[in-house]
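A note on names: the letters A, B, ... follow the listed sequences, proteins ahead of strands, and every chain is numbered from 1. Every heavy atom of this structure was used, including side-chain atoms; hydrogens, water molecules and symmetry mates were not.
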Number of protein chains: 2
Amino acid sequence: MKIENPTSRDIADLAGVSQATVSRALRNSPQVRPETRARIQGIAKELNYFVNRNAAGLRTQHSNTIALLLFDETDGTDKKMNLFFWAMLDNITRAAAKLGYDVLVSLQQLTDDWHMEYQASHRADGLILLGYGDYAEYREKLDALAAAHTRFIIWGPIVKDQPGRSFGCDNESGGYQAANHLLALGRRRIAYIGRKRRGSPEHAARYDGYARALLEAGVECDDKLRVPADNSERLGYAAVKELLERGQPFDGLFASTDLIAIGAMRALADNGKTVPGDVSVVGFDDMPLAAHVTPALTTVQQNAEIAGTGLVANLVGLIEGRPIESRLMAPKLIVRDSCGGKARLMPAG
Amino acid sequence: MKIENPTSRDIADLAGVSQATVSRALRNSPQVRPETRARIQGIAKELNYFVNRNAAGLRTQHSNTIALLLFDETDGTDKKMNLFFWAMLDNITRAAAKLGYDVLVSLQQLTDDWHMEYQASHRADGLILLGYGDYAEYREKLDALAAAHTRFIIWGPIVKDQPGRSFGCDNESGGYQAANHLLALGRRRIAYIGRKRRGSPEHAARYDGYARALLEAGVECDDKLRVPADNSERLGYAAVKELLERGQPFDGLFASTDLIAIGAMRALADNGKTVPGDVSVVGFDDMPLAAHVTPALTTVQQNAEIAGTGLVANLVGLIEGRPIESRLMAPKLIVRDSCGGKARLMPAG
DNA sequence: CATTTGTGTTAAAACGGTGGCATGAAAATT
DNA sequence: AATTTTCATGCCACCGTTTTAACACAAATG
């Protein structure tokens, strides 16, 4: 029983039934009698038959595929996204598979004229935009997407008036948790190192959370404790050096990314400050390195499984015409060694 | 000029020409007069028209898509592949795009009945199998793939009698380079820690390269210096501890993975041995952590760009019917601090 | 001038499914 | 027994391309 490229018609002939019935039987239509269905499915399996996706897609006008567009913020040698996005990819493909969708991946150049083609060519039914970076720059492209009625969802914060739907991490809450943790440990002069406003709503939100925690605790939010720095070890190092040279006293430090935190810790060590003895440090991201530095870094983690499944669920919702709103997921503080004082937070056991 | 979902027929009507001519014009067929072609392409762009991939694929019987099947060797929490595979994914998508192919990604469960469907359903024209792990286990699946005339290429070593084509890293050469580096630094009692034979041809090859280097240098290849260990920090630690407890003298160490090397270095430090003073250490993989441990690890690196483009080029070759042979790419030794004695290798500058 | 050779275009036949409608038989209702 | 309803299946149009074969028409050839 060998047919080179079996079609549903071949199966129909073998089963002594019409081709349409085969099509229905294979999709478990209740319209076809159970025993016929079983017979047909048996023959299909026997022949190693699989539905031709092009033909089916042509007829039904959808591909059961979503496109994942990744924008890699490669800063010279350092690939910033790495493990989190890897985990995200993992969860996205799993979630998509569970809903019957394939995932098309494209690592885009920021300059490319990407995106417009995917849905128009019926290659994909919708898009996930990941690693989007500086939103303002892409505004024009998002508008074009929306104008073409492309279904897409953005991994990122909720930005006012931005077209489309987002799914992101509640950075404000993350910043709040980080600062609160430091406050609970008795720290009162907590420095903030990171981008604050320009270009990055995520980092702005992290700062806002930090500020809210201080406010609620009745601790002054001192501008002298805030040092701007982009996401790199070097700039974290420089920022701490600046604080120390200024003679600015501080006993806690919240860095808006792990890389900054790691650079900061190195700067503290190089200048005779102990972590967590003199200064407690909290980062953001939980990158893989975070658990391996000394002392292991306490940081705010985003759950990739929730993120991946959330993105897919929302996109499929859009595709299938359900009303979908932008949403944020809660990040989680991972307590390691860089803050000390675990005992003060937990009952001795 | 707005048509909701323009087809080639719409363009034909607008251009006052037949639909067939539009099809040809859009694919730059020389059969259509340059001025007609230009006019048609202008209208297509105007309408934001893109060829319906399902229809085109149905007609031509190929999808211009390759499927990337990733098998994640997740050992509990640790995702081993991470950055190398991430870089690979990056290069694969780029190389594929350059040749006009899309990439469908699937992170498979090892138990899944994957693969058979991809080509049979015309979702993909061929498969790349990545992170394949223990080959023997999958032998049956590979046979099934080959029997179904599926085009596929495996990232991994060349295994005798294995169906299909492979593209991999020359692990033997990597092991040889590692051992030679240690020998060039004057080390003579070089331990090997890693899997040797069972299940992993890659690791076997690394050992073989190590053995060849020793042989060529006239250094005895002592079985007492060889400790088996699977890929984990813990087992690398344990292996070194065993050597030390045995009282086995050694001044060099080649670990078949970076994780093992990192565990080994920690064990050495814990037992009062200095790296690279007492023992020079070389790893394999160049995982991201390698550059960040202290001392920074000298290791053997595989070039993800060569790997990604090589895999894609070979697969596309198979798809397009060219004769393709299995190939290995050369890895490269990255010299950092864990061996010391750079000066001895390079002329003083 | 009749005939061959190109050249640019069109008409029409696939490609392999899906889904609306028609159909005939069996079951249920009058 | 005649009619309606239900069920299972068949028929056929259609999705939007690519590609073969046919066809005008012009230029080149005998």
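When the P atom of D/dT17 is taken as reference, atom NE2 of A/His122 falls 9 Å away, rounded to whole Å. If you measure from atom CG of B/Leu26 to atom P of D/dT17, you get 9 Å, rounded to the nearest angstrom. Straight-line distance from the CD1 atom of B/Ile3 to the C1' atom of D/dG16: 14 Å, rounded to whole Å. Protein atom CD of A/Gln19 is 14 Å distant from nucleotide atom P of D/dA13, rounded to whole Å.
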What pairs of nitrogen or oxygen atoms, one from the protein and one from nucleotides 20-22 of chain D, lie under 3.5 Å apart?
| from | atom 1 | to | atom 2 | distance (Å) |
| --- | --- | --- | --- | --- |
| D/dT20 | O4 | B/Arg24 | NH2 | 2.7 |

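The environment of A/Gln61 atom CD is dense: over 12 non-hydrogen atoms of other residues, nucleotides or ligands sit within 6.0 angstrom. Remark: B/Glu305 CD is loosely packed, at most 12 non-hydrogen atoms of other residues, nucleotides or ligands lying under 6.0 Å away.
Dashed line: the shortest gap from a side-chain N or O of B/Ser23 to OP1 or OP2 of D/dT18 is under 4.0 Å. A sub-4.0 Å separation between OP1 or OP2 of D/dT17 and a side-chain N or O of B/Ser8 is present. Put simply, A/Thr36 has a side-chain N or O that comes within less than 4.0 Å of OP1 or OP2 on D/dT9.
Considering CD1 of A/Ile128 and CG of A/Leu69, their distance stands at 10.0 Å, rounded to 0.5 Å. For the atom pair CZ (B/Arg165) and CD1 (B/Ile324), the distance works out to 8.5 Å, reported to the nearest 0.5 Å. In this structure, CZ on A/Arg123 lies 15.0 Å from CD1 on A/Ile66, to the nearest 0.5 angstrom. If you take CH2 on B/Trp155 and CG on B/Leu130, they are separated by 8.0 Å, rounding to the nearest 0.5 Å.
Between B/Arg59 and B/Arg33, the residue anchored nearer the 5' end of DNA chain C, judged by the nucleotide with its closest heavy atom, is B/Arg33. Summary of the strand contacts: B/Arg27 and B/Leu58 both lie near DNA chain D, and taking for each the nucleotide with the nearest heavy atom, the more 5' one is attributed to B/Leu58. Each of B/Pro30 and B/Gln61 was matched to the nucleotide of DNA chain C holding its nearest heavy atom; the match closer to the 5' end belongs to B/Pro30.
Sorted by first and then second residue, the side chain to side chain donor-acceptor pair (under 3.5 Å) pairs involving residues 21-32 of chain B (not counting sequence neighbours) are B/Ser18-B/Thr21, B/Ser23-B/Arg27, B/Asn28-B/Gln41.
Within the nucleic acid shown, A/Val22 has no heavy atom closer than 4.0 Å to any nucleic acid atom.
Across all their heavy atoms, B/Ala95 and B/Gly308 have their closest contact at CB-O, 4.5 Å.
Scanning DNA chain C 5' to 3' for nucleotides with an atom closer than 4.0 angstrom to a non-hydrogen atom of chain B gives a first and last hit of C/dG8 to C/dG16.
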Checking side chain to side chain contact (heavy atoms under 4.5 Å, CB included) for the pair A/Asp10/A/Tyr49: CA distance, chi angles, key distance, verdict? CA-CA 10 Å; A/Asp10 294 325; A/Tyr49 167 83; over 6 Å; no
